[in-house]
Amino acid sequence: MNIFQEYINKIGNLILQNQKKLELDNLINLKSIVVESPPVEFNFDLSCNAALVLGKINKVNPKELAIKIKDLILNDLKDFEKIEIAGPGFLNLKLTNNSLILNINRILENRKSYGKNNSHNNYNIEFVSANPTGPMHVGHCRGAIYGDVLANLLKFNGNQVTKEYYINDYGNQIDNFAKSVFLRIREIKYKERFILKDDLYPGEYIVEIAKKIIDSNKNEKFINFNESLQLLKKESLKHSLNLIKFDLQQLGIIHDNFFSETDLIKNKLVDKAVNYLKKKNYVQEGYLEPPKGETDKNWKKTKRLIFKSTLFGDDTDRAMQKNDGTWTYFANDVGYHMDKINRKNKYLINVLGADHTGYTKRITAAVSALSDNKVKLDCKVCQLVKLYKNGKPFKMSKRAGDFISAQDLLNEVNKDSIRFMMLNRSNDVEIDFDFDKVLEKSKDNPVFYVQYAFARISSLFRTLKKDLNDTIKLDSKKFLLNNHEIKILRKVLEWPKIIETASSKYEPHKIPYYLYELATLFHSYWSKGNEDQSFKFIENGKIKRSETLSMIVLTAIVIQQGMNILGVSLPNKM
RNA sequence: GCGCCCUUAGCUCAGUUGGAUAGAGCAUCGGUUUUCUAAACCGAGGGUCGUAGGUUCGAAUCCUUCAGGGCGCGCCA
């Protein structure tokens with residue numbers, strides 16, 4: 001259920017049926033009529049812009065039209081006890097007690113599904129996809145959590161979601177990685193000094209991997225790098241993927257599918273995709289202009305296969321082949337995305353770090369070309385995370401090398417705080433992450449604030465000797481909500497809409513913000529009892545009013561669902 | 001030179017399919033605890049929504065200009 005959507009439909013139909021009575025010539029923009037929550041200070045349940053929208057296109061005074069629509073609604077729908085016209089022509093509507101009771105009961109009876117908007121599409125979310133040459137860093141964490149929560153959100157809404165990790169286990173970097181491990185092995189086994197050169201990986205984890213490989217290959221001498229290369233690649237990749245999976249697991253993230261770039265090439269998926277695009281004339285042989293930015297000494301003007309991505313909104317066409325005729329990284333990725341399309345996904349989402357901004361247009365173009373615009377790829381870029389401690393930039397660890405690792409972060413802050421903080425900001429804004437703030441157990445720290453609200457509710461149920469999941473009954477004869485309760489109810493009614501916009505716009509950050517607001521209302525109500533005894537919820541071990549109990553349960557339902565989507569725990573005691 | 005993102009209170013940020021008096025938290029100042037959890041609550045002050053134009057009944061939101069900050073701009077991955 002989504003009360004706003006329900007009344008958009010009801011009011012829309014009413015207007016449609018009474019077009020003549022309302023003297024409206026044009027209902028073309030009926031779709032831009034919305035029902036939403038009015039600003040709190042108006043003290044109404046719903047607000048509708050119908051008169052403004054229709055007044056504009058029909059050239060009638062919106063306030064006069066509002067009066068007509070108001071009468072219409074009052075006559076036909078029995079759900080409202082009061083309607084007022086406010087501002088330029090908004091209709092503010094107040095629900096009758098009966099419809100309030102009805103809506104409360106609907107939520108209480110369908111707790112598990114409250115907030116779900118039935119959507120049944122196939123989504124594929126590719127996220128993290130960190131190079132398997134070492135552990136995750138902080139930037140990956142943000143993308144990881146964003147992707148994971150987006151997946152939870154879309155699933156909650158009824159969709160099929162595949163969480164996918166693309167393993168870039170092919171190309172020069174893997175050779176360099178293997179070489180770094182080889183030299184570390186030589187260092188341990190033969191006391192050769194490891195000298196850091198430009199293409200080698202510096203981190204201490206390389207040493208750890210080297211040790212493991214030595215242990216599991218006792219007979220191997222590691223004399224010649226080229227002879228050991230295949231073994232080293234295989235083993236090093238295995239170990240570094242384990243490092244990454246361990247990091248992910250500690251953040252509470254499990255992917256459904258790990259897709260290997262090497263397999264992609266083995267299975268000729270790139271050739272297939274390129275052939276397909278050739279047939280469509282989107283890929284042809286040609287020459288490219290030199291790049292505009294920094295000059296590249298390896299650049300050569302030679303004939304090669306080129307994808308005409310400018311046809312699909314890219315700034316320039318893109319090379320599919322390198323100098324030596326092998327596929328570029330992009331060509332491989334095109335093959336990969338063709339596979340995603342062939343797996344019957346309707347929506348593709350790639351979660352990328354800020355340093356991949358420039359890549360998004362070409363791969364989006366490729367998906368359009370491969371699917372005849374039938375599949376939509378959205379590349380969501382997560383901006384940088386800057387870490388601070390005591391107000392000063394946080395230094396990187398020795399273990400990871402030249403970056404701050406996920407483990408460094410996990411050493412300072414728990415999973416729940418990391419997840420909540422990473423999402424408590426829109427993905428296209430930089431995050432300043434201050435450890436001290438997050439460690440504080442106060443209102444400074446929104447995670448604790450929401451968790452604490454739930455802990456208080458749990459404590460209440462302990463006192464009542466009741467279970468949160470017990471069915472509760474509203475006394476409809478003397479039903480009356482006080483100010484605090486009506487505010488909570490109105491906020492709770494917004495939940496399905498939050499879910500809807502957060503999932504349709506891929507903006508999971510709306511959830512922590514919403515939960516914080518809901519928690520604020522609850523804390524406020526709770527504390528009212530401190531200054532005024534009559535606002536205490538409980539008397540002689542029993543709840544005083546069934547209205548109170550139902551509002552508390554509604555709050556708990558939504559907080560549980562929200563935190564579940566965020567993947568943040570909810571302790572019963574704090 | 002080009003592309004993407006950002007610019008809203010002292011600080012960190014919400015708010016963009018155009019709507020009502022632009023909202024939170026922190027910080028500052030003041031108040032609340034024999035009590036269902038004070039990890040909380042209540043109150044006060046604080047704004048030319050980066051600049052300059054445009055579109056209209058109405059713009060933080062849409063269009064254009066300029067400025068400032070960030071990330072990129074490969075035949076690397």
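Numbered from 1 within each chain, the chains take letters A, B, ... in sequence-line order. Small disclaimer: the values here were computed from a predicted structure and weren't measured.
Distances shorter than 4.0 Å separate none of the side-chain N or O atoms of A/W327 from OP1 or OP2 on B/rC75. Residue A/Y449 places at least one side-chain N or O under 4.0 Å from the OP1 or OP2 atom of B/rC41. OP1 and OP2 of B/rA40 both lie 4.0 Å or more from every side-chain N or O belonging to A/K528. For B/rU17, the OP1/OP2 oxygens have a side-chain nitrogen or oxygen of A/K505 closer than 4.0 Å. Distances shorter than 4.0 Å separate some side-chain N or O of A/K322 from OP1 or OP2 on B/rA77. Here A/R456 reaches the OP1 or OP2 of B/rA38: one of its side-chain N or O atoms lies under 4.0 Å away. Contact between the side-chain N/O atoms of A/T357 and the OP1/OP2 oxygens of B/rC73 is not found at any separation under 4.0 Å.
Inspection of the A/Q173 and A/N168 side chains reveals no N or O donor paired with an N or O acceptor under 3.5 Å. In summary, the side chains of A/E126 and A/Y165 do not present any donor paired with an acceptor at a separation below 3.5 Å, with no hydrogens or angles considered. Side chains of A/E507 and A/Y146: a donor-acceptor N/O pair is absent below 3.5 angstrom, by distance only. Side-chain contact annotation: A/S426 with A/D428, donor-acceptor N/O pair under 3.5 Å present. Using modelled atom types and a 3.5 Å distance limit, the side chains of A/S37 and A/E494 yield a donor-acceptor pair.
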For RNA chain B, the expected dot-bracket line (Watson-Crick or G-U under 3.5 Å, [ ] crossing, | inter-strand) is (((((((..((((.........)))).(((((.......))))).....(.(((.......))).))))))))....

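Among the protein residues, A/I174 comes within range of no part of the nucleic acid, since none of its heavy atoms lies under 4.0 Å from any strand. Nucleic acid contact class of A/Q321 (heavy atoms, under 4.0 Å, all strands): sugar-phosphate only. Among the heavy atoms of the strands lying under 4.0 Å from A/Y329 is at least one base atom, whether or not backbone atoms are also near. Nucleic acid contact class of A/K573 (heavy atoms, under 4.0 Å, all strands): base. Using a 4.0 Å heavy-atom distance criterion, A/A354 is classed as a sugar-phosphate-only contact. Note on A/V34: a base of the nucleic acid sits closer than 4.0 angstrom, heavy atoms only. Using a 4.0 Å heavy-atom distance criterion, A/N427 is classed as making no nucleic acid contact. A/Y170 comes within 4.0 angstrom of the backbone, heavy atoms only, and of no base.
For A/S426, taking side-chain heavy atoms from C-beta onward, the closest of the listed nucleotides B/rC75, B/rC57, B/rA14 is B/rA14. Distances were taken from every side-chain heavy atom of A/S524 (C-beta onward) to each of B/rA40, B/rC42, B/rG58; the shortest belongs to B/rC42. With B/rG18, B/rA39, B/rA14 as the candidates, the nucleotide lying closest to the side chain of A/K56 is B/rG18. Between B/rA24, B/rC75, B/rU35, one nucleotide has an atom nearer to the side chain of A/Q533 than all others, and that is B/rU35. Here the nucleotide nearest the side chain of A/P88, chosen from B/rG19, B/rG74, B/rA39, is B/rG19. Counting only heavy atoms from C-beta on, A/H509 has its side chain closest to B/rG15 among B/rC13, B/rG15, B/rA40. Which of B/rC75, B/rC36, B/rC41 sits closest to the side chain of A/L460 comes down to B/rC36. Side chain of A/N131, nearest nucleotide from B/rC13, B/rA77, B/rC5: B/rA77. Closest to the A/Y516 side chain, of the nucleotides B/rA24, B/rA77, B/rC5, is B/rA24. Closest contact between the side chain of A/H523 and the listed nucleotides B/rC41, B/rA39, B/rC71 involves B/rC41.
Ring to ring, A/Y166 and A/F258 are not that close: their centroids are 6.0 angstrom or more apart. For A/Y516 and A/Y449, the ring centers sit closer than 6.0 Å to each other. Checked against the 6.0 Å centroid threshold, A/H484 and A/F522 do not count as a close aromatic pair.
For A/R304 against B/rC75, a side-chain-to-base donor-acceptor contact under 3.5 Å is present. Applying the 3.5 Å distance criterion, the base of B/rA20 shares a donor-acceptor pair with the side chain of A/N92. You won't find any donor-acceptor pair under 3.5 Å spanning the side chain of A/D428 and the base of B/rC5, going by distance alone.
Mapping A/Y452 and A/K31 onto RNA chain B via the closest heavy atom, the residue that lands nearer the 5' end is A/K31. For the pair A/S37 and A/F537, nearest-nucleotide mapping onto RNA chain B gives the more 5' position to A/S37.
Residue A/W299 and nucleotide B/rG74 are not classified as a stacked aromatic pair, given the requirement of ring centres less than 5.5 Å apart at an interplanar angle below 30°.
Taking the centre and axis of the six-membered ring of A/F4, the NZ or CZ atom of A/K497 falls inside the cone set by 45° and 6.0 Å.
A side-chain contact (heavy atoms from CB on, under 4.5 Å) with A/P512 is found for exactly one of A/V450, A/L423, A/V149, namely A/L423.
Atom CG of A/D333 is separated from atom CD of A/E261 by 8.0 Å, given to the nearest 0.5 angstrom.
Residues of residues 41-49 of chain A having a heavy atom closer than 4.0 Å to RNA chain B, listed by number: A/F42, A/S47.
A/K544 NZ: more than 12 foreign heavy atoms inside a 6.0 Å radius.
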